Amino acid sequence: MSGSFLAPALALVGEYLLVLGLSPLLLAVLRRVKARTQGRIGPPLLQPYRDLWKWMGKDGIYASSASWITRYAPAISFAALLAAVPLVPWFVLPTPLGPFGDLILLVGLLGLSRFVIALAALDGGSTFGGMGSSREMWMGALAEPVFLLVIFAFGSPAGSTQAGAIAARGVALGIAYANPPLLLAIVAYVLLLLVETGRLPVDNPATHLELTMVHEAMVLEYTGRDLALIEWGRGFKLAIMFGLLIALAAPWGISTSGTLLLVGLAVGIVVGKLLGAHVLVGRLEARVAKWRLFRVADLLTLAAVFAFGSLALAYVIGGGA
Amino acid sequence: MNLPELLLLVALAGGSAAAILGFARPGAARVRASFLVGALASAVAAGQAVLVLIGMALPTVALGLPGTISASPLLALGIQEDPLSAFFLLVVSVSGAAILLASVGYTERYVDGRRGLLAGGMSLFWVAMALVCVAGTVFLFLVAWEAMTLISYFLVVHDHESEPSRRAGLLYLVMSHAATGAILVSFVLLATGTGSTSWTGIAAGAGGLSPGVRDAAFLAALVGFGTKAGMVPFHGWLPEAHPAAPTNVSALMSGVMIKLGLFGLLRVALDLLGGGPSWWAYLVLALGGVSALGGVLYAIAEHDLKRLLAYHSVENIGIILLGVGAAMLFQSLGDPVLAALALAAALLHTWNHALFKPLLFLGAGAAVGETGTRDMERMGGLIRRMPGVALGFFVGAMAISALPPFNGFVSEWLLFQSFFAGFTTGSVLAEISLSLLAGVLALTSGLAAYCFVKAFGITFLARPRSEAAARAGRPPASLTGGMGILAAFCLVLGVAPILALDLAARPLRELTGAAVGSGVSLGVLSALPNPSGGSLPLAPAIVAALLAGGLLVAWIVRRLRRAPAVDERPLWDCGLDAPTSRMEYTAAGYAQPVELLLRDVYRPTERAEEVPPVRPSWGGLARMQRYTVVITEPIRGWAYEGVASGTVALSRAISRFQSGRIHAYLGYIFVTLIGLLLLVRAVGGSGP
């Protein structure tokens with residue numbers, strides 16, 4: 001009993017360490033690729049780690065009109081995103097949590113993180129905060145049905161809403177896993193990912209213009225350790241959304257055996273895939289301009305159509321995504 | 001007399017005693033005692049319901065009138081508590097106890113005489129609702145139902161000096177009675193068709209009814225009970241009556257009473273009729289989807305805090321109806337296990353809503369009571385004035401937005417799972433509609449989160465937006481205490497929903513016929529095609545543990561380096577004048593992106609008018625315009641007005657027969673009598 005308990009526990013710790021440790025680097029890679037594509041040198045790869053360390057030691061300051069919501073929101077948001085980490089299959093199958101928790105839960109945790117930060121944005125009473133909060137919740141509300149339909153599209157052939165079960169089916173089927181409905185579902189998910197993680201063309205994380213900000217406007221009032229929690233959490237969210245993309249779209253390489261060597265190999269593969277995905281998004285970001293806020297609704301509608309199309313196509317041609 | 005019988009008697013007698021205490025010659029102490037006795041009686045009833053639900057004992061006929069009278073089928077006034085009754089009694093009583101407790105302090109603003117009426121009325125209202133739950137016959141049910149409606153009408157018009165209160169009360173009374181009429185039609189059809197007036201008798205004979213009668217009985221029940229529940233398009237009374245009533249009454253009505261509409265629907269559709277053809281299910285699903293989405297959309301456009309909450313009741317009734325509809329669908333497709341899952345989601349959400357909605361209403365009551373306005377734009381900053389209330393409202397907002405680790409998330413999660421499991425039923429129509437409705441449900445919960453960031457943020461956060469908000473007093477401790485009980489339930493059922501699912505197991509078994517094992521919820525869920533099924537009800541506990549772990553990591557991260565100094569300064573002012581509350585984001589501004597996106601749905605009435613210019617402090621002369629946007633439900637325009645004017649026209653037409661001459665009336669009576677005799681002759685072959 002203790003033996004069967006130990007391995008998942010170790011894997012769980014491994015997953016947390018992977019995401020905690022790697023997410024700043026992934027952010028750095030993305031920024032670097034974007035800068036290079038635009039003909040700039042870009043910040044060094046260790047910059048996000050230095051920023052986090054700097055913020056952790058920095059004095060804090062709160063608006064006097066703010067309440068405890070402002071003080072606790074970053075930690076709650078951080079905790080919610082961290083809790084979502086083991087819901088994604090990273091390098092071992094079955095996932096360390098086993099049958100506990102699925103992708104709908106992941107949506108709930110992302111929602112929790114968004115909810116508290118959106119409240120904190122209103123807390124101080126700054127106009128920019130309110131603006132960002134309203135926009136972020138608006139996008140979140142529109143993204144939620146798309147997320148659910150995407151989960152249904154990926155999950156229905158596996159008969160499960162768990163990412164672990166879906167990935168396990170992919171690994172077992174090999175290349176036969178890839179089929180047209182899967183492709184449609186992947187397109188829908190990628191569109192959703194851009195909205196959920198606030199990348200261009202939906203939101204520009206590097207902007208300095210308050211009026212166009214969404215996420216940045218919400219956390220404008222934060223500094224010090226709170227900012228460290230928020231930015232690190234944002235790194236997890238990026239890693240989680242990309243990790244999920246990889247696990248659902250191309251799960252091959254995830255280890256299904258407990259051998260240390262194979263697991264190590266799987267870790268290497270997933271890190272490689274994550275880096276590759278970030279390079280792709282970095283190159284995409286360098287080429288597109290930010291869209292008007294209301295075009296995001298078009299983007300999400302398109303994603304919903306793709307997800308629903310995937311379900312319908314799976315039904316027509318049989319078999320499914 | 002066994003223990004549950006005794007407890008039920010004590011609870012009902014206690015509630016009635018509380019009512020008498022309240023109505024009797026008042027005094028502050030007596031009013032307080034009335035509320036406390038009512039709360040205690042309610043708590044006893046909750047305990048009794050739990051006893052019945054865990055199957056300790058099941059009183060069949062507890063309080064029948066003795067001897068010869070009960071032999072007459074007309075007067076067999078019988079109380080019967082089956083598992084479905086017990087579950088709803090539990091729902092009614094837990095929230096009832098918390099609300100009555102919270103009312104002790106909340107009602108201090110009323111002068112003693114009025115307060116006594118409120119105290120007695122609320123306890124009596126609770127007794128009527130409990131009786132609706134445990135009525136075992138058509139007659140007792142209708143009497144209790146009517147008592148419930150009338151008492152709640154008097155509670156709605158408690159502030160009868162105000163014209164809007166009276167108007168709202170009238171609308172409520174008229175719609176409720178139309179609904180009772182529909183319910184009566186349904187019951188008459190069932191009782192005449194089966195020759196019985198007790199639930200057990202009707203249920204036994206309902207199989208022999210013709211499909212036409214079954215359809216008619218179902219539709220009449222759907223209209224009647226749907227009106228009480230606040231189902232679109234019969235919800236018109238709800239956004240009017242809830243804001244008009246004192247807020248603790250709104251909490252009892254919105255949180256508890258409207259659930260009894262669902263109870264009636266479940267009773268007729270699933271218990272008495274035992275399910276029906278799939279078009280019943282699709283009808284319920286469609287109405288549920290429209291209610292859910294429509295409710296939340298109009299809630300977003302609403303800046304009156306109590307009306308906003310009222311529209312959210314419509315939304316949540318819609319969500320519950322989605323569960324009921326899915327259960328009926330699976331039932332008609334011959335899959336009782338899936339039906340049990342969907343119904344579990346519906347029952348759980350029923351209870352959850354009965355917990356977080358009163359929590360929100362009581363919080364709103366404190367805010368409205370202390371600021372003297374229902375307009376959110378004139379609140380703000382209340383989190384400093386009433387921290388306990390704000391915390392309670394925060395919990396309620398997260399629960400209603402379906403966020404973990406609170407209870408609202410669990411029931412919506414189960415509902416998603418049952419929709420997802422619908423993919424295995426093999427029916428194309430079911431698959432398409434369930435995946436579409438899953439999208440609708442997800443959009444609804446996303447929009448609910450949006451709406452509650454607005455509601456909590458604008459009401460409680462930032463700087464006060466008016467003088468009244470800045471001077472708001474501290475609400476009484478009993479109000480915060482009542483909210484605390486409800487909030488604790490929200491958290492416990494969010495972390496350990498297995499407790500509630502266990503209690504729901506017997507009604508589930510009885511309504512769906514699924515072999516729900518004694519490992520109850522596990523029994524239902526492990527039978528799912530989903531490989532994760534068996535662990536579903538335990539997952540929320542794991543999530544709570546993960547969240548706690550995450551908070552621990554956050555705490556460590558915050559302490560990785562030596563503690564820096566923390567300072568408090570005025571908000572960054574962009575180098576201009578110090579920001580005032582006029583510069584804060586407003587509720588109207590917050591909701592604007594959704595209103596703009598869904599312009600075609602809302603069809604707002606916009607008006608821009610020139611107002612006299614004023615000379616601003618910085619010199620200059622400004623032209624000023626006032627811009628107003630009014631969003632009303634289109635259905636109010638054509639449907640409700642149409643019904644009203646139609647009724648008036650019909651009454652006018654009929655009044656022509658009203659000549660005032662006695663011999664004409666005698667003639668009418670004679671003609672009617674002849675007509676009835678002919679009818680009986682033609683229809684009833686087995687006359688005496």
Side-chain angles (χ1 to χ4, degrees), chain A residues 56-65 67 69 75 78-80 82-83 97 99-102 104-105 108-109 111-112 115 118-119 122-127 130-131 133-135 137-138 140-142 144-145 147-149 152 155-156 159-162 165 224-225 228-229 294 297 304 311 315, chain B residues 383-384 398 401-404 409 413 416-417 420 423 431 435 438-439 442-443 445-447 449-450 453 456-457 461-463 529-532 534-535 538-539 542-543 546-547 550-551 553-554 557-558 560-562 564-572 579 581 583-585 589-590 593-594 597:
Chain A
M56 281 179 214
K58 207 173 166 194
D59 287 352
I61 184 162
Y62 296 106
S64 46
S65 47
S67 68
I69 296 277
F78 181 90
L82 204 56
L97 279 190
F100 300 104
D102 65 353
I104 300 175
L105 196 54
L109 288 169
L112 175 62
F115 188 85
L119 277 182
L122 282 172
D123 197 20
S126 138
T127 316
M131 206 182 295
S133 170
S134 164
R135 291 173 180 174
M137 291 309 292
W138 180 80
L142 297 183
E144 202 162 318
F147 214 148
L148 252 294
L149 284 177
F152 274 32
S156 68
S160 171
T161 52
Q162 279 197 302
R225 301 190 290 192
L229 286 178
F294 284 93
L311 277 169
Y315 192 81
Chain B
I383 195 169
R384 285 163 184 279
M398 297 225 279
S401 306
L403 296 174
F409 173 74
W413 186 29
F416 278 127
Q417 288 290 351
F420 183 76
F423 284 137
E431 283 177 28
S435 50
L443 184 60
S445 78
L447 287 172
Y450 176 85
V453 170
F456 182 73
L461 301 183
R463 283 175 302 269
N530 186 341
S532 71
S535 329
L538 293 179
I542 308 275
V543 172
L546 287 177
L547 274 174
L551 282 176
V553 175
V557 167
R558 287 179 67 95
L560 274 180
R561 296 186 67 178
R562 202 173 46 81
V566 173
D567 201 1
E568 250 189 39
R569 287 292 160 83
L571 189 72
W572 178 55
S581 64
M583 300 175 194
E584 286 169 6
Y585 228 56
Y590 203 93
V594 168
L597 184 70

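Because the structure is predicted, anything quoted here is derived from the model rather than measured. All values below were derived from every heavy atom in this structure, side-chain atoms included, with hydrogens, water molecules and symmetry-related copies excluded. Per chain, numbering begins at 1; letters A, B, ... match sequence-line order.
The part of B:Ser401 that comes within reach of chain A is its side chain, from C-beta onward, which places non-hydrogen atoms under 4.5 angstrom from that chain. Residue A:Ala228 does not touch chain B at all, counting heavy-atom pairs closer than 4.5 Å. Using a 4.5 Å cut-off between heavy atoms, A:Leu148 touches chain B through its side chain atoms alone. For chain B, the nearby parts of A:Leu112 are the backbone and the side chain; heavy atoms of each come within less than 4.5 Å. In this structure, the portions of A:Ile104 lying under 4.5 Å from any heavy atom of chain B include both its backbone and its side chain. With a 4.5 Å cut-off on non-hydrogen atoms, A:Phe152 touches chain B through its backbone and its side chain both.
Per-residue heavy-atom pair counts under 4.5 Å with chain A were compared for B:Gly589, B:Pro404, B:Gly439, B:Pro570, and the maximum is reached by B:Pro404. Ranking A:Ala304, A:Ser133, A:Gly140 against chain B, the residue ahead of the rest is A:Ser133, based on heavy-atom pairs under 4.5 Å. For the set A:Gly125, A:Gly130, A:Ser134, A:Ala63, the entry with the most heavy-atom pairs within less than 4.5 Å of chain B is A:Ser134. Top candidate by heavy-atom pairs under 4.5 Å with chain A, chosen from B:Arg463, B:Arg569, B:Glu431, B:Glu584, is B:Arg569. Counting heavy-atom pairs under 4.5 Å between each of A:Phe147, A:Trp138, A:Phe78, A:Phe294 and chain B puts A:Trp138 at the top. With chain B as the partner, the residue from A:Pro145, A:Ala118, A:Ala75, A:Ser126 showing the most heavy-atom pairs under 4.5 Å is A:Pro145.
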Subject >> Stepwise side chain to side chain contact (heavy atoms under 4.5 Å, CB included) check, A:Ser67 with B:Leu461 >> reply: CA-CA 7 Å; A:Ser67 68; B:Leu461 301 183; 3.8 Å; yes

**OP:** Output, in order, the C-alpha distance, side-chain angles, deciding distance and verdict of side chain to side chain contact (heavy atoms under 4.5 Å, CB included) for A:Asp59 and B:Asp567.
**Re:** CA-CA 8 Å; A:Asp59 287 352; B:Asp567 201 1; over 6 Å; no

Original post:
Is there a side chain to side chain contact (heavy atoms under 4.5 Å, CB included) between B:Phe416 and A:Thr161 once you walk through the steps?
Top reply: CA-CA 10 Å; B:Phe416 278 127; A:Thr161 52; over 6 Å; no

Subject >> Criterion side chain to side chain contact (heavy atoms under 4.5 Å, CB included) on A:Met137 and B:Leu447, from CA distance to verdict >> reply: CA-CA 8 Å; A:Met137 291 309 292; B:Leu447 287 172; over 6 Å; no

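Taken to the nearest 0.5 Å, the CZ atom of B:Phe456 stands 8.0 Å off from the CZ atom of A:Phe115. Separation of atoms CZ (B:Arg561) and CZ (A:Arg225) is listed at 11.0 Å; rounding is to 0.5 Å.
Within the 4.5 Å cutoff, no side-chain heavy atoms of B:Leu443 are placed close to those of A:Glu144. Taking the side chain as every heavy atom from C-beta outward, A:Ile61 and B:Val566 never approach each other to under 4.5 Å. Looking at A:Leu82 and B:Leu547, their side chains never come closer than 4.5 Å, going by heavy atoms from C-beta outward. Side-chain contact between B:Tyr590 and A:Leu122: present, with at least one pair of heavy atoms (C-beta onward) separated by less than 4.5 Å. In this structure the side chain of B:Leu403 never reaches within 4.5 angstrom of the side chain of A:Leu109, judged on heavy atoms. Looking only at side-chain heavy atoms (C-beta outward), B:Phe409 and A:Leu105 come within less than 4.5 Å of each other. Between B:Leu597 and A:Leu142 the shortest side-chain heavy-atom distance falls below 4.5 Å.
Taking every heavy atom of both residues into account, B:Phe420 and A:Gly159 meet most closely at CE2-C, 3.7 Å. In terms of heavy atoms, A:Leu149 sits closest to B:Ser435 at CD2-O, 3.5 Å. Residues B:Pro564 and A:Gly57 share a closest heavy-atom pair of CB-O, 3.8 Å. Minimum interatomic distance between B:Gly550 and A:Ala79 (heavy atoms only, all atoms of both residues): C-CB, 3.4 Å.
Side-chain atoms of A:Thr127 come within 3.5 Å of backbone N or O of B:Met583 as a donor-acceptor pair.
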